[in-house]
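Numbering starts at 1 and runs along the sequence shown.
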Amino acid sequence: MMTDLRSDTVTRPTPAMLQAMMSAELGDDVFGDDPTVNALQEKTARLFGMEAGLFFPTGTMSNQVAIKTHTQPGDEVVVEASSHTYLLESGGMAFHSGCSIRPVAGNRGRLSPELIRAQVNPRNDHFPVTRLVVIENTCNRGGGSYYTLEQMQAVSEAARAEGLRMHLDGARIFNALVELNVPPAALGPLFDSISICLSKGLGCPAGTVLTGSAEFIKKAKRYRKLFGGTMRQSGVLAAAGLYALDHHVQRLKEDHERARRIGEALSRQRWVRQVWPVETNIILFDLTQELPAAVLVNYLASQNILCVATGRHQIRMVTHLDITDDMVAHVVATLHAFEPVAA
Ligand SMILES: *Cc1c(COP(=O)(O)O)cnc(C)c1O
């Protein structure tokens, strides 16, 4: 059996989730008649203290439509330099929205109020108009680091004092919320839009919900059509989302605990230079100069453990719904048994 730690997107729907999908009431969502999609949009919006929600096939499309809805071509968007919206969405911000981008190096993916204030351009004819700040929580390339509620409040206050809009890329927002023990409704007042992925830790096969004000969502809905993201009997996917919101949120803590066990085993290996603090379900670690990431990735694959190299000497592992305690024990034992051969 494979222990697949490449991403929390590799999960298959559980039998109970499939059952919920099979028994979902469906309709054509273009006509607004899919009751399951409507229920998911309303439930997610209410959960996050927002007026309305909109179902998308992917998190990338949800983020890109949010950016498009908040900006005009030529506006500037402030992002953290390692963020998904900037680095891992194929340059979509420039392509779809024609925006100027201000990537800022933060602390493991996080921006501070000071960093945000320092990016605001003077309002005159020469500079692009600084319009929007996008933050990510948890931070993927930050190794699963998260902003606390207080940090999100401070960042939001700083941005809004400058007249900027705030979008939260919440691909893994529930991973942060369960660690913080904060209800999602606390976030609504802090952001103009929040994108929540169902296909990461929540274990759905696909789907993301974008939330915001009723007016924002009405505008975003037109852009979703323009981007080709309008679906028909998408209730079959929304049913998985509803099931996951009810059953797969609190258990994320188990993923974090398993990630910490793997991080702990790694930190005891002399061929590991550093393990980034394991805050949620992502384990990011750097190897010593003598050990290329590919060597360890190949060794682990030969032992039925999959992970990805995120740099020449850096590897990422991600725990999720399909990772069991036995698999973690196998990973730990395999790491202890590894003997790098001198090149
Ligand atoms: C996965 C991810 C997304 C969305 O990715 P899709 O594969 O398009 O659903 C957005 N932001 C972050 C931080 C992610 O990790």
Side chain proximity check, Leu149 to Leu187, heavy atoms < 4.5 angstrom:
yes
Between Lys200 and Asp255, does any side-chain N to carboxylate O distance fall below 4.0 Å?
no
Checking side-chain contact (heavy atoms from CB on, under 4.5 Å) between Phe55 and each of Leu198, Asp34, Thr230, which is the one that passes?
Leu198
Between Thr208 (side chain) and Gly59 (backbone), is there a donor-acceptor pair under 3.5 Å?
yes
Checking the side chain of Arg165 only, and the main-chain atoms of His70 only, is there a donor and an acceptor separated by less than 3.5 Å?
yes
Indicate yes or no for a side-chain donor-acceptor contact from Ser156 to the backbone of Met152 under 3.5 Å, with no hydrogens or angles considered.
no
With the threshold set at 4.0 Å, does a side-chain nitrogen-carboxylate oxygen contact exist between Lys219 and Glu215?
no
Please examine the side chains of Glu80 and Arg141, heavy atoms only from C-beta on, and report whether any two atoms are closer than 4.5 Å.
no
Salt bridge between Glu254 and Arg258, side-chain N to carboxylate O under 4.0 Å?
yes
Contact summary for Trp276 and Gln314, nearest pair of heavy atoms
CZ2-NE2, 3.4 Å
For residues Met327 and Met1, determine if any side-chain heavy atom of one lies less than 4.5 Å from a side-chain heavy atom of the other.
yes
Run the numbers on Glu279 and His256 for side chain to side chain donor-acceptor pair (under 3.5 Å), then give the verdict.
CA-CA 7 Å; Glu279 295 187 23; His256 301 175; over 6 Å; no
Residues forming a salt bridge (Lys or Arg N to Asp or Glu O under 4.0 Å) with Arg260, sequence neighbours excluded
Glu179
Which label fits Tyr243 and His247: parallel for a plane angle under 30°, tilted from 30 to 60°, or perpendicular past 60°?
parallel
With a 4.5 Å cut-off on side-chain heavy atoms, are Asp322 and Arg12 touching?
yes
Side chain of Asp29, backbone of Gly235: donor and acceptor closer than 3.5 Å?
no
Quiz: residues 133-140 side-chain donor-acceptor pairs under 3.5 angstrom, not counting sequence neighbours:
unit_1	atom_1	unit_2	atom_2	d
Glu136	OE1	His84	N	2.7
Glu136	OE2	Asn140	N	2.9
Asn137	OD1	Tyr147	N	3.0
Asn137	ND2	Tyr147	O	3.3
Asn140	OD1	Arg316	NH1	2.7

Under a 3.5 Å distance rule, please check whether Ser7 uses its side chain to pair with a backbone N or O of Thr9 as donor and acceptor.
yes
Which of these passes side-chain hydrogen bond (donor to acceptor under 3.5 Å, both in side chains) with Glu76: Thr130, Thr71, Asn121?
Asn121
Are the side chains of Met21 and Met17 in touch, meaning some heavy atoms are under 4.5 Å apart?
yes
Donor-acceptor check, side chain of His320 to backbone of Asp8, threshold 3.5 angstrom: yes or no?
no
Is there a donor-acceptor pair under 3.5 Å between the side chain of Glu162 and the backbone N or O of Ala158?
no
Counting distance only, does the side-chain N/O of Thr280 pair as donor-acceptor with the main-chain N or O of Gly144 below 3.5 Å?
yes
Check the pair Phe174 / Phe48 against ring pair (Phe, Tyr, Trp, His ring centres under 6.0 Å), numbers first and verdict last.
CA-CA 11 Å; Phe174 282 112; Phe48 281 85; 5.5 Å; yes
